[in-house]
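Below you'll find the structure, written out as structure tokens, and then a few comments.
Values in this document were obtained by computation on a predicted structure and should not be read as measured data.
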Amino acid sequence: MLCFSRFGSSPLLRPLPTPLQQGIGKKNNFLLWCTFALFLRGLSFAVAAASILIPMKFSLRWLEDHLTLNGSVEAFIERLTYSGSEVEGVERRGVDDPNVVVAEVVSYVPHPNADRLRLCQVTTGTETRQIVCGAKNFEVGDRVPLALPGAKLPGGFAIKESKLRGELSQGMMCSAKELGLAEDAEGLLLLPKATPFGPLSQAIPTDTIIDLEITPNRPDLLSYSGLARELAALGCGTLKPVAEVKMSWAATPTDWKVALASEACPYYTLTLLENVKVGPSPQWLQDKIAATGHKPVNNVVDITNYILWETGAPLHAFDAAKLAGKRIEVRTARPGEKLSALDGKTYDLAATDLVIADAERPQALAGVIGGLDSAVTGTTVSIALEAAWFVPANVRQSGRRLGLLTDASYRFERRADPQAVLTARNRAVALLQELTGAVPVATPLLAGKPPAGRAPIALRIERVAKVAGVAIPREEIEKGLEALGLESTGENLWQPPSFRHDLELEIDLIEEIVRLRGLADLPGTISLGWVPESGADRTHRRLVQLRRALAARGWQECLTDALSEEAIVGAERGVLKIANPINAQFTHLRPGLRDCLLAVAARNLARGNTTVRLFEVGKVYREEKGNVVEELRLALVELGTIDAFDWTARERNVDFYDLKGTTDFIEENSGLGLGLVARLARGPVDPAVAKKHDLKAKTFHAEYYLGEWVQRDETPKVFTGLPQFPAVRRDLAVVVPRATAQEAVRHAIVNGAAATAAGPALERVDLFDVFEDAKGEKIAADKKSLAYALTYRLKDRTLTDNEVNGWQQALREKVKAALGCEFRES
């Protein structure tokens, strides 16, 4: 949920201080980019908003295997942000402290005073130290990280000599988690026994982990090779050459068969390997797997995960001995079939689920998760390596239905590169041969063919200039498109690569050119000459005007999700339920804005923000007579305390009149052109509704329908010069029954003046006092006195007292005749 305030110190968007940002951390540059992207491709942003986004963790050390960076990390992060790939966070991993060293366990004995601790003697190569340790996964001769007294570990944890259960500990042997090398770890980090003594940073260099939030239309960025290609195209570095893996396959025939029985899998390959020795991965591979936020499993599984992250192509390894009938069939699930999956759960399969089956039963849910029955274990000696391409919609449907989201499904449902299937397979087989001793049995089995790519796209250079608002040299355009992997196939024709299925139209190529050039180099506005204001222009201008007016009065704008949960909105009339929700939290379309703002208010109060004044302009949805109605609304929520502005004032709680002051402003301020009249609600929030959001403070809410207001015709503003002659004021105190509305009295004064010679001269009528006397001493107890200041002025001359007094007397008579009132003299 994003919350920001417009039109503050920045010309466009000013981020709010914590906690109002809600922990999202959106940057101004990215918001500006989103605005531009909406102009170019509204559809892609809508798709992104409806999909689940998971930050991808990328290791800078691993990235440098593919790219030579030519600037700082901060520079390429900013460049990525400008290009539309948001950086969620940057994390430093590892310890660059000379007091964290490599040590070897010399001996250990049980701690005399604690059953779960060991008393260890370790050497750093120059001295021996006594360490008290609770881990059990080491033996004599193992080399481990040792934090000496004076070391500072991630999180600010300082190491010093201390006694544990009466025994001196001269440091601490460390796990991968304690060193910031992994998010989770059991036991000590065991180093290769050949690791030399000295600072740990020499054996395990520090790394920088970058969290990227990648939009659904860019699955090519879900791999190190793809991200490196993008950064090179953005000018952040130079791609390193990648050696092509060439395989020579044995000509031995095999009796294994692969059959495709569903259009949801048009392309499938299976490679059979024997003599596999399953065991721990080498340290370099374990480090790379840990950098992705996963735990290393074994060399076979780690290789498939490594290839997935390197190329973006998911693979799966079956234990070939556990597959029945030497047959793989890609088909839809049959009635009553189940899958025991790698996550330890058993799933009931539907007829729409695509499965990888042997001769007897399903062994994997295609593109989502493998089966436990055919998993690779320590006893595996032969594997069947799957490399395939699955239709994204089918993978997405199965994953959503079963609540499964894996690294593989995340890529398949966004459309993995079909041309990377063989590249990934060959790379994996080469690593399996190197790290497990695997031997290919025969030429890989291949069924089907990859889907066809996009047709060439025509690109007009003059169209680029017209859309971008600036002329971009042809050489720059061609160089940029080639860097993104496109090929020129003729005069102004460009062939998109297989990994960029989102490139379909000319405007898509123009967007890419603009991204590579950078928004900072584009003009802020494009002059198209004079055109009359359209309905969309008027709507935009008036909403900007409304937002500016509220922000200037201290209100903070929120942008909340149009999807809501049943517990909040399910009981409301006309609420719309989503047929295929992406999760249990977002099941309904919001029928109003109130609950969205209350949820934001609750989070702000929980984080110590005691004064909350929030507003949102957004669309709501409801069902009415069988039709879906979409409305544009404004909602305001105010609660908490009002801070004292000086030492003489006291802090107080927000009350109804604080909200009323703002609603009166936006309803009556004709100078701003607001004049909102379609108010749907104003007042305190029902305590039962507030309780749903854990709001204990009294909360006030107002909501308006904006649809008619944004299109309402406006009266042109006319300049009036400053008056040249002085004004004359006369007061008029009208005594009327208490039930008489102030507006009725004012109306009688204005109409009375119009019926006399005072009409052209009466400039203003202002109520300045209301008097009531419950005791009936000065006026009757059932009456009230409304005192008005009447301002008279003529444009061409100075008024005299006599003529104003005459007008005032004539006006009194007209008002008395209209209201039957009396007048109270001062």
Side-chain angles (χ1 to χ4, degrees), residues 247 249-276 278 300-301 303-304 313-342 346-377 379-391 394-395 398 406 408-409 412 418 421-422 424-426 428-429 432 436 438-451:
M247 303 299 300
W249 307 104
T252 307
T254 178
D255 52 358
W256 280 76
K257 302 294 182 184
V258 170
L260 301 182
S262 173
E263 295 179 352
C265 178
Y267 191 41
Y268 191 95
T269 73
L270 190 73
T271 306
L272 303 169
L273 300 105
E274 293 183 344
N275 298 332
V276 177
V278 178
V300 174
V301 175
I303 286 171
T304 60
L315 305 172
H316 183 67
F318 299 95
D319 186 326
K322 299 175 183 177
L323 299 176
K326 294 186 177 182
R327 175 181 175 83
I328 286 293
E329 184 179 4
V330 186
R331 59 172 174 81
T332 53
R334 294 166 183 164
E337 286 189 322
K338 300 177 182 291
L339 175 70
S340 296
L342 289 171
T346 299
Y347 296 95
D348 294 322
L349 301 176
T352 55
D353 294 328
L354 188 70
V355 298
I356 312 300
D358 60 11
E360 297 179 354
R361 62 186 183 278
Q363 294 291 351
L365 185 61
V368 181
I369 194 169
L372 192 61
D373 295 338
S374 56
V376 173
T377 65
T379 61
T380 299
V381 294
S382 62
I383 64 173
L385 180 67
E386 170 192 283
W389 191 87
F390 303 108
V391 173
N394 187 273
V395 176
S398 294
T406 62
S409 67
F412 275 129
V421 170
L422 297 185
R425 179 201 66 186
N426 293 347
V429 170
L432 286 167
T436 73
V439 177
V441 175
T443 300
L445 301 172
L446 190 149
K449 60 181 180 180

**Study point:** Test log, rule side-chain contact (heavy atoms from CB on, under 4.5 Å), inputs Asp353 and Tyr347
**Key:** CA-CA 11 Å; Asp353 294 328; Tyr347 296 95; over 6 Å; no

Side chains of [X] and [Y], heavy atoms from C-beta outward: is any pair under 4.5 Å?
X      : Y      : value
Val381 : Glu274 : no
Thr271 : Trp249 : yes
Thr377 : Lys322 : yes
Pro362 : Arg334 : no
Ile356 : His316 : no
Asp348 : Lys338 : yes
Phe318 : Asp358 : no

Calculate, to the nearest 0.5 Å, the distance between atoms [atom1] and [atom2] belonging to [X] and [Y] respectively.
X      : Y      : atom1 : atom2 : answer
Leu272 : Lys326 : CG    : NZ    : 9.0 Å
Leu323 : Arg361 : CG    : CZ    : 9.0 Å
Thr269 : Leu315 : OG1   : CG    : 8.0 Å
Arg331 : Glu337 : CZ    : CD    : 4.0 Å
Ile383 : Leu432 : CD1   : CG    : 4.5 Å

**Study point:** Thr380 and Asp319: side chain donor to acceptor below 3.5 Å
**Key:** yes

Residue pair [X] / [Y]: nearest heavy atoms and the distance that separates them:
X      : Y      : answer
Ala317 : Val300 : CB-CG1, 3.8 Å
Pro450 : Pro418 : CB-CB, 4.1 Å
Ser340 : Thr346 : OG-OG1, 3.6 Å
Ser262 : Thr332 : OG-CG2, 4.2 Å

Check your understanding: Leu354 and Phe390: side-chain contact (heavy atoms from CB on, under 4.5 Å), yes or no, with the steps?
Key -> CA-CA 9 Å; Leu354 188 70; Phe390 303 108; 3.7 Å; yes

Practice item. Could you check Leu446 against Tyr267 for side-chain contact (heavy atoms from CB on, under 4.5 Å), going step by step and ending with a plain yes or no? Key: CA-CA 8 Å; Leu446 190 149; Tyr267 191 41; 3.9 Å; yes

